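To start, the structure under review is shown below, and the notes come after it.
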There are 2 protein chains.
Amino acid sequence: MSPRNEEQNEAVKDERREQILSAALRAFASRGFAATKIGDIAARAGLSHGLVYHYFKSKEEIFHALLKRAMHTSTQTLIDIEAAPLPPVEKVRQAAKHILESIENFKDSAYYFLIVAHASVMENAAAEYKELLGSSAVSVQAMARILSAGQRSGEIRDGDAVGMAYTFFAALLGLALYKLSARDFKTPDPEILVNMVKK
Amino acid sequence: MSPRNEEQNEAVKDERREQILSAALRAFASRGFAATKIGDIAARAGLSHGLVYHYFKSKEEIFHALLKRAMHTSTQTLIDIEAAPLPPVEKVRQAAKHILESIENFKDSAYYFLIVAHASVMENAAAEYKELLGSSAVSVQAMARILSAGQRSGEIRDGDAVGMAYTFFAALLGLALYKLSARDFKTPDPEILVNMVKK
DNA sequence: GTCTATATCCAGATAGAC
DNA sequence: GTCTATCTGGATATAGAC
């Protein structure tokens with residue numbers, strides 16, 4: 001009843017939400033939306049099946065919450081790298097290293113990456129998530145700008161910069177999927193990705 | 001009752017099976033196993049929901065049949081290219097061109113490619129499909145051999161050939177997924193992939 | 001706030017008419 | 001061989017006890 005209790009309750013409430021979201025992130029990213037059962041999420045989060053519905057209205061709402069975070073975190077990484085005072089090739093290297101390292105070590109950011117991919121192929125949701133997914137092109141556009149700058153300064157190969165940017169992220173997406181299907185798969189040397197665009 | 005009728009029945013039976021498999025290929029590859037409903041497949045194939053079960057014992061059996069074909073067709077392509085009398089770089093180029101073209105034009109082979117990816121991340125099925133998926137490494141190994149040969153002849157960059165081979169296929173997998181989520185996405189110039197490994 | 005038990009719904013699979 | 005109608009299981013979501 002005291003204010004302190006209320007604050008604690010709030011803290012517990014937030015903690016529970018985070019537990020659920022954290023469990024759901026791994027589950028959705030690994031198995032996709034349809035194959036993920038609420039029971040899976042609850043078990044992973046260490047709470048009862050019914051309690052999930054105390055914190056979220058529906059399975060879909062959980063996914064939506066994750067997708068929002070996913071869009072933010074993945075675009076932010078690229079925006080930060082683009083703004084860094086580095087030569088274009090080095091920016092590409094940093095991006096490749098950073099993302100590959102997150103995949104290799106099963107960091108959240110790698111799973112967010114996969115959430116976006118899953119959302120993209122959910123055609124029924126496409127309408128609903130359209131605005132959110134629209135910003136998924138942000139990372140690609142940032143990378144394309146980095147590559148264009150590198151082409152002007154002669155460090156990056158000539159050719160379609162946007163196509164290269166897509167291929168860069170496609171490779172990372174594919175590698176994340178490989179890592180998921182075989183946990184002992186070793187992510188490759190980032191330099192392989194740098195070579196794709198370096199002159 | 002006449003032999004001819006029996007033959008015709010056989011032909012019809014085969015045709016129906018193919019209709020179902022063809023519809024299922026697109027559906028499974030696009031949405032994954034769990035999100036694909038038998039009703040979707042039946043509707044796409046232009047027949048009733050119940051009839052699917054006249055030709056296949058279960059949804060899983062359909063997926064399994066597709067996976068078997070997928071393993072065969074995708075490995076065969078790389079085996080053929082490896083055996084061709086071409087310099088290593090040219091083999092890489094042919095592989096990139098061939099697969100990208102199949103993605104761009106929504107050919108079956110591109111969907112088979114995705115079926116394998118879906119099967120790989122179905123952890124419950126991993127045990128059952130293990131033998132089948134084991135051969136999915138065949139394409140990667142073939143590409144790695146091509147790259148190693150190119151390294152010896154000086155056409156291909158030094159470095160981990162297996163890692164390069166995985167990254168090559170990872171990029172193609174990612175691009176196939178992009179193409180699926182945005183049908184007007186234009187697959188990039190194959191040369192971008194060749195550049196990844198070319199000296 | 002948390003759990004267990006229950007209702008509801010949906011999709012896989014079957015049965016039986018034609 | 002093909003369809004429609006039905007059964008059944010399992011998963012989402014809710015209700016109610018603690």
Side-chain angles (χ1 to χ4, degrees), chain A residues 1-24 27-28 30-66 118 122-125 128, chain B residues 1-24 26-28 30-67 118 122-125 128:
Chain A
M1 295 289 182
S2 74
R4 186 152 169 274
N5 274 343
E6 278 182 25
E7 278 170 34
Q8 284 181 331
N9 284 343
E10 273 304 304
V12 170
K13 197 176 165 181
D14 277 2
E15 199 192 325
R16 287 277 173 278
R17 273 185 72 93
E18 288 307 315
Q19 279 176 359
I20 293 168
L21 284 174
S22 171
F28 282 135
S30 304
R31 292 177 272 245
F33 181 80
T36 298
K37 287 162 270 185
I38 293 287
D40 297 344
I41 297 172
R44 256 196 206 243
L47 36 81
S48 84
H49 163 185
L51 190 55
V52 174
Y53 287 94
H54 186 73
Y55 292 97
F56 294 92
K57 205 173 95 293
S58 67
K59 175 173 154 179
E60 222 243 318
E61 190 182 275
I62 303 175
F63 189 80
H64 194 258
L66 288 171
H118 280 296
M122 285 166 61
E123 71 279 337
N124 50 342
E128 193 171 347
Chain B
M1 298 286 182
S2 73
R4 185 153 170 272
N5 274 344
E6 278 182 24
E7 280 171 32
Q8 285 182 329
N9 284 344
E10 273 304 304
V12 169
K13 198 176 164 180
D14 277 2
E15 199 191 325
R16 288 275 173 281
R17 273 186 72 94
E18 289 306 315
Q19 278 176 358
I20 294 167
L21 285 173
S22 172
R26 308 272 163 156
F28 281 135
S30 304
R31 292 177 272 247
F33 181 79
T36 298
K37 286 162 271 186
I38 293 288
D40 297 343
I41 298 173
R44 256 197 205 243
L47 36 80
S48 85
H49 165 185
L51 190 55
V52 173
Y53 287 93
H54 187 72
Y55 291 97
F56 293 91
K57 205 173 97 291
S58 66
K59 174 174 154 179
E60 222 243 319
E61 190 182 277
I62 303 175
F63 188 80
H64 194 259
L66 288 172
L67 184 58
H118 280 296
M122 285 166 61
E123 70 279 337
N124 51 343
E128 193 172 347

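Computed from a prediction, not measured in an experiment: that's the story for all the values here. Below, all heavy atoms of this structure are taken into account, side chains as well, without hydrogens, waters or symmetry copies. A note on names: the letters A, B, ... follow the listed sequences, proteins ahead of strands, and every chain is numbered from 1.
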| query | Does OP1 or OP2 of dA13(C) have a side-chain N or O of Tyr53(B) closer than 4.0 Å? | reply | yes
| field | Among dG1(C), dT2(C), dT14(C), the nucleotide that comes nearest once only the side chain of Arg16(A) is considered | value | dT2(C)
| query | Given dT14(D), dT14(C), dG1(C), which nucleotide is nearest the side-chain atoms of Lys13(A)? | reply | dG1(C)
| message | Using the side-chain heavy atoms of Lys59(B), tell me which of these nucleotides is nearest: dT12(D), dG12(C), dG1(D). | response | dG12(C)
| Nearest-0.5 Å distance, CG of residue Leu67(B) to CD1 of residue Ile62(B) | 13.5 Å
| Between Phe28(A) (CZ) and dA11(D) (P), how many Å, whole number? | 14 Å
| task | Assign Leu51(A) to base, sugar-phosphate, or nothing according to its heavy-atom contacts below 4.0 angstrom with the strands shown. | result | base
| Would a 4.5 Å heavy-atom cut-off, applied to side chains only, mark Phe28(A) and Lys59(A) as touching? | yes
| task | Rounded to the nearest angstrom, tell me the gap between atom CG in Asp14(A) and atom C1' in dG1(C). | result | 14 Å
| What is the nucleic acid contact for Phe56(A), judged by heavy atoms within less than 4.0 Å: base, sugar-phosphate only, or nothing? | nothing
| Side chain of His54(B) - closest among dT2(D), dA13(D), dA13(C) | dT2(D)
| said: Evaluate Leu47(A) against Ile20(A) for side-chain contact (heavy atoms from CB on, under 4.5 Å), listing each step before the verdict. | reply: CA-CA 9 Å; Leu47(A) 36 81; Ile20(A) 293 168; 4.2 Å; yes
| message | Once you measure the plane-to-plane angle for Phe63(B) and Phe33(B), does it fall in the parallel (<30°), tilted (30-60°) or perpendicular (>60°) bin? | response | perpendicular
| field | Minimum-distance nucleotide (side-chain atoms of Ser48(A) versus dG1(C), dT4(C), dG12(C)) | value | dT4(C)
| message | Nearest to the side chain of Leu47(A), heavy atoms from C-beta on, is which of dC3(C), dT2(C), dG12(C)? | response | dC3(C)
| Nearest-Å distance for atom pair NE2/P, residues His49(A) and dG10(D) | 14 Å
| remark: Looking only at dT2(D), dA11(C), dG1(C), the nucleotide nearest the Tyr55(A) side chain is dG1(C)
| said: Tell me the interatomic distance from Phe63(B), atom CZ, to dA11(C), atom P, rounded to whole angstroms. | reply: 19 Å
| note | Of dA13(C), dT12(D), dA11(C), the nucleotide closest to the side chain of Ser58(B) is dA13(C)
